[in-house]
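Structure first, then comments.
Whatever order the structure lists ligands and atoms in, that order sets their numbers, starting from 1. Please read all numbers here as calculations on a predicted model, not as lab measurements.
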Amino acid sequence: MATSKLWGGRFNRGTDVAVEAFTASEHFDRRLATYDIAGSRAHALMLAAQGVITRDDCQAILQGLDSIEQEIAEDRFEWQASLEDVHMNIEARLTALVGEPGKRLHTARSRNDQVATDLRLFTRDAIDQIHSDIADLRRALLDVAEREAETIMPGMTHMQSAQPVTCGHHLLAWCAMLDRDAQRLRDCRRRVNVSPLGSAALAGTGFPIDREHSARALGFDSVGANSLDGVSDRDFVIEFCSATALLSVHLSRMAEELVLWSSQSFGYVDLGDGFCTGSSIMPQKKNPDVAELIRGKSGRAVGHLVALLMLMKGQPLAYNRDNQEDKEPLFDSVDNAHACLQVLTGMVAQMTFDRSRMREAAARGHSTATDLADYLVKKGMAFRDAHEAVGSAVRLAESKGVELAMLSLTELRAVSELIEEDALEVLTLEGSVSSRDHRGGTSPRQVRLAIQEARSAIAAQAKGGKE
Ligand code: ARG
């Protein structure tokens with residue numbers, strides 16, 4: 001053999017030094033090592049059960065893999081870029097440790113179905129991790145929502161004060177986004193959890209393999225239906241990164257609101273000293289850098305999704321080396337989603353709201369004008385006329401430099417004779433929010449009901465129940 005490569009048989013000369021560095025992936029795909037070892041164990045056991053390798057060979061392979069796993073865990077494993085990737089590093093070490101049986105492990109297998117298997121196992125774990133991180137954030141938000149079920153704040157459209165809402169209701173809207181993120185991950189998991197093992201290089205294998213055997217051992221729900229698709233498909237990575245990209249977009253929206261709310265102009269929330277940083281020049285500053293970073297990192301998540309879509313665009317069947325480029329975006333998407341969720345959960349648990357500032361803000365901008373219009377409608381006026389009438393009341397309030405809710409009954413009756421004493425209650429912030437007392441509404445009662453519902457849904461999802 002003219003080269004030391006595991007695939008060196010047909011080569012006369014060694015690999016160009018630059019090419020060796022260019023093609024190597026062991027510096028990042030070593031992260032798949034535990035999955036690679038699990039896949040090899042399942043494959044060896046299947047080969048032995050099918051009589052393709054002997055029980056003794058299988059035993060030697062399993063013992064060798066155990067030692068390698070330990071070496072890696074204890075950081076004693078010597079990774080070699082010249083061995084290209086995680087698969088060949090482990091296989092070479094196995095052969096060094098156990099000899100001949102190590103060389104039999106790759107029977108009826110290719111790195112193509114091997115890497116697809118590793119990646120699916122990795123993604124499955126990543127989904128479970130992010131799913132549980134999302135549940136933690138949702139639980140933290142629900143605790144705050146419960147505390148702030150009656151806290152009134154301005155609800156905004158076009159970033160203008162629109163109608164008063166309860167802070168608990170606003171936080172429940174964040175929870176609703178996260179609930180969909182969790183569902184998307186669960187759904188994606190079903191398509192991740194399909195075994196490509198046995199696809200071999202692309203066409204399957206002539207050995208009498210039992211694909212169900214290895215699939216079961218690895219906890220897969222089923223085996224893939226087509227070997228060409230088995231080695232080339234990366235939809236599951238794209239789907240996962242699409243779910244994390246959308247999750248990151250949601251987190252960026254929450255982070256943006258926290259940035260706004262913690263500014264002096266709003267003054268709604270204190271993010272806690274542990275979750276803010278200072279300025280190197282301005283001694284007075286307490287900056288929401290954590291929220292800003294969460295907002296910023298969403299760009300990366302979306303970028304990774306686009307990179308993966310472009311990676312697969314136009315790729316002919318079956319496996320192409322392009323696919324090696326799938327790992328870094330995937331790993332980074334997992335790491336960022338995990339880090340953002342963890343730090344945001346911590347921040348949410350620490351933050352404290354300034355209830356009176358929020359209430360004052362909600363009282364500005366004639367925010368209960370719709371309530372007065374609705375009042376007139378209930379007294380028999382057509383909605384368009386009511387809209388017009390209240391519009392003129394707002395004009396009157398503006399001309400006097402006061403809020404609509406501060407006009408006297410006499411002033412209001414000048415706008416419509418239908419307005420009576422009870423309209424004054426309708427114009428209050430509390431009256432406004434408590435009147436929206438239907439499913440999905442902002443009243444404190446509905447907020448408390450929604451919190452209970454969300455808590456039981458999270459508990460059911462954690463048990464793997466229906467979403
Ligand atoms: N490192 C490769 C990857 O990540 C493993 C598969 C290599 N297969 C091949 N035929 N060169 O995709």
Side-chain angles (χ1 to χ4, degrees), residues 3-11 14-16 18-40 42-43 68 72 77 79-95 103 105-126 192 194-205 214 218 224 226-238 240-241 304 307-334:
T3 84
S4 58
K5 302 277 189 249
L6 296 187
W7 40 252
R10 59 105 61 226
F11 288 78
T15 317
D16 182 275
V19 169
E20 200 153 271
F22 185 68
T23 52
S25 57
E26 59 77 30
H27 55 289
F28 55 82
D29 68 16
R30 60 173 72 171
R31 187 161 172 182
L32 298 173
T34 50
Y35 304 103
D36 198 69
I37 291 171
S40 289
H43 183 64
I68 293 173
I72 293 172
F77 191 88
W79 296 96
Q80 292 176 48
S82 61
L83 287 169
E84 264 185 53
D85 55 25
V86 60
H87 323 293
M88 291 201 288
N89 267 274
I90 291 177
E91 193 186 321
R93 179 68 184 142
L94 180 68
T95 303
K103 296 193 204 167
L105 170 63
H106 213 52
T107 313
R109 186 177 74 167
S110 152
R111 272 188 298 157
N112 298 351
D113 60 343
Q114 191 177 355
V115 69
T117 304
D118 295 3
L119 213 56
R120 282 176 184 270
L121 294 173
F122 172 88
T123 308
R124 188 176 71 188
D125 270 0
V192 169
V194 178
S195 175
L197 208 53
S199 301
L202 74 163
T205 170
S214 49
L218 292 168
N226 183 291
S227 64
L228 294 169
D229 184 55
V231 291
S232 75
D233 170 41
R234 293 295 182 272
D235 290 3
F236 65 98
V237 180
I238 294 176
F240 172 79
C241 288
H304 291 327
L308 287 162
L309 286 164
M310 295 319 293
L311 176 68
M312 296 312 292
K313 179 187 175 299
Q315 256 200 57
L317 288 172
Y319 175 85
N320 300 285
R321 191 63 175 266
D322 312 42
N323 284 2
Q324 185 165 294
E325 290 290 308
D326 60 4
K327 289 167 200 66
E328 289 158 294
L330 170 64
F331 295 163
D332 194 59
S333 298
V334 174

Contact atoms of ligand 1, heavy-atom distance to [X] under 4.0 Å:
X: Arg321; answer: 11 (N)
X: Asp85; answer: 1 (N), 2 (C), 5 (C)
X: Ser25; answer: 1 (N)
X: Lys327; answer: 3 (C), 4 (O), 12 (O)
X: His87; answer: 5 (C)

Proximity to ligand 1 by part of Asp326, non-hydrogen separation under 4.0 Å
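No part of Asp326 comes within reach of ligand 1.
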
Side chain, backbone, both or neither: which part of Glu84 comes within less than 4.0 Å of ligand 1 when only heavy atoms are counted?
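It is neither part, as no heavy atom is under 4.0 Å.
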
Contact summary for Ser227 and Leu202, nearest pair of heavy atoms:
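That closest heavy-atom pairing would be OG-O, 2.6 Å.
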
Charged tip of Arg31 within 45° of Phe122 ring normal and under 6.0 Å
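The answer is no; the distance or angle limit is not met.
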
Below 4.0 angstrom, N of the basic side chain to O of the carboxylate: do Glu325 and Arg234 qualify?
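Between Arg234 and Glu325 there is no salt bridge, as every charged N stays at least 4.0 Å from the carboxylate O atoms.
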
Excluding sequence neighbours, so at least two apart, what forms salt bridge (charged side-chain N to carboxylate O under 4.0 Å, His left out) with Arg111?
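Result, salt bridge (charged side-chain N to carboxylate O under 4.0 Å, His left out) vs Arg111: Glu84, Asp85.
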
Check whether Lys5 reaches the backbone of Ser82 with its side chain - one donor and one acceptor, N or O, closer than 3.5 Å.
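Side chain of Lys5 to backbone of Ser82, a donor-acceptor pair under 3.5 Å: yes, one is there.
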
Would Asp233 and Arg120 satisfy salt bridge (charged side-chain N to carboxylate O under 4.0 Å, His left out), going step by step from the backbone distance to the final call?
CA-CA 11 Å; Asp233 170 41; Arg120 282 176 184 270; 2.9 Å; yes

Set of ring pair (Phe, Tyr, Trp, His ring centres under 6.0 Å) partners for Phe77, sequence neighbours left out:
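Scan of Phe77 (ring pair (Phe, Tyr, Trp, His ring centres under 6.0 Å), adjacent residues dropped) gives Trp79.
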
Atom 2 (C) of ligand 1: which of Gln324, Arg234, Met88 has the nearest heavy atom?
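Heavy atom nearest to atom 2 (C) of ligand 1 belongs to Gln324.
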
Quick check: are there more than 12 heavy atoms from other residues, nucleotides or ligands sitting under 6.0 Å from CZ of Arg321?
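Correct, the count exceeds 12.
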
What protein heavy atom sits nearest [atom], and how far off is it?
atom: atom 11 (N) of ligand 1; result: Arg111 NH2, 3.5 Å
atom: atom 8 (N) of ligand 1; result: Asn112 OD1, 3.0 Å
atom: atom 3 (C) of ligand 1; result: Tyr319 OH, 3.2 Å

So is Gln114 touching ligand 1 or not, going by heavy atoms under 4.0 Å?
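Per 4.0 Å heavy-atom rule, Gln114 does not contact ligand 1.
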
